[in-house]
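Down below is the structure, laid out as structure tokens.
Since we're looking at a predicted model, the values are computed, not measured.
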Amino acid sequence: MDILKSDDFVTHERLTLFINENHIKREDILVITQGPGSFTLFFFGDPAIKEITHGLFS
């Protein structure tokens, strides 16, 4: 059973890297929002899987 997950990103490049590295399918993306200085991704994913993330300065 998939659950709703979210993550925040400073640039669209980091957002794209996250989606590509974690093989998030288009149909699993609920919405991507853009606020002042950040992007937020809401997507459906397996609760047992920990996504690959990168630190702010990596």
Side-chain angles (χ1 to χ4, degrees):
M1 180 172 153
D2 287 344
I3 61 168
L4 181 62
K5 295 183 174 186
S6 67
D7 210 336
D8 297 313
F9 305 91
V10 178
T11 65
H12 73 282
E13 289 88 0
R14 288 191 181 271
L15 169 64
T16 303
L17 180 65
F18 180 83
I19 291 171
N20 289 335
E21 282 189 336
N22 291 293
H23 308 287
I24 298 173
K25 294 180 259 175
R26 178 180 285 216
E27 57 269 15
D28 289 337
I29 296 174
L30 184 60
V31 68
I32 298 171
T33 62
Q34 182 178 7
S38 69
F39 295 88
T40 303
L41 169 67
F42 294 93
F43 63 99
F44 293 105
D46 187 336
I49 295 175
K50 177 74 174 140
E51 285 78 18
I52 300 168
T53 59
H54 297 274
L56 185 59
F57 300 107
S58 62

#### Entry: Contacts of Leu30 that satisfy side-chain contact (heavy atoms from CB on, under 4.5 Å) - sequence neighbours left out
Leu4, Phe42, Phe44
### Query
Can you list the residues that meet the side-chain contact (heavy atoms from CB on, under 4.5 Å) rule with Thr11, with sequence neighbours excluded?
Glu13, Arg14
### Message
Suppose we screen for salt bridge (Lys or Arg N to Asp or Glu O under 4.0 Å). Which residues come up paired with Glu21, at least two apart in sequence or across chains?
### Response
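Glu21 satisfies salt bridge (Lys or Arg N to Asp or Glu O under 4.0 Å) with no residue once adjacent residues are dropped.
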### Qualifying ring pair (Phe, Tyr, Trp, His ring centres under 6.0 Å) pairs with a residue from residues 2-31, counting only residues at least two apart or across chains
Phe9-Phe18, Phe18-Phe43
### Message
Using the rule that Ile, Leu, Val, Met, Phe, Trp and Tyr join whenever any side-chain heavy atoms are under 4.5 Å apart, tell me whether Leu17 and Ile24 fall into a single cluster.
### Response
no
### Query
Can you list the other members of the hydrophobic cluster that holds Ile3, where links are side-chain heavy atoms under 4.5 angstrom apart?
none
### Message
I need the full list of side chain to side chain donor-acceptor pair (under 3.5 Å) pairs touching residues 26-41, with sequence neighbours left out, sorted by first then second residue.
### Response
Asp8-Thr40
### Task
Spell out, as yes or no, whether a donor-acceptor pair under 3.5 Å connects the side chain of Lys5 to the backbone of Asp46.
yes
### Query
When you look at Val31 and Leu41, which way does the side-chain contact (heavy atoms from CB on, under 4.5 Å) test go after all the steps?
CA-CA 6 Å; Val31 68; Leu41 169 67; over 6 Å; no
### Task
Indicate the atoms forming the closest heavy-atom contact of Asn22 with Ile52, along with that distance.
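Nearest pair, atom of Asn22 first, then Ile52: OD1-N, 2.7 Å.
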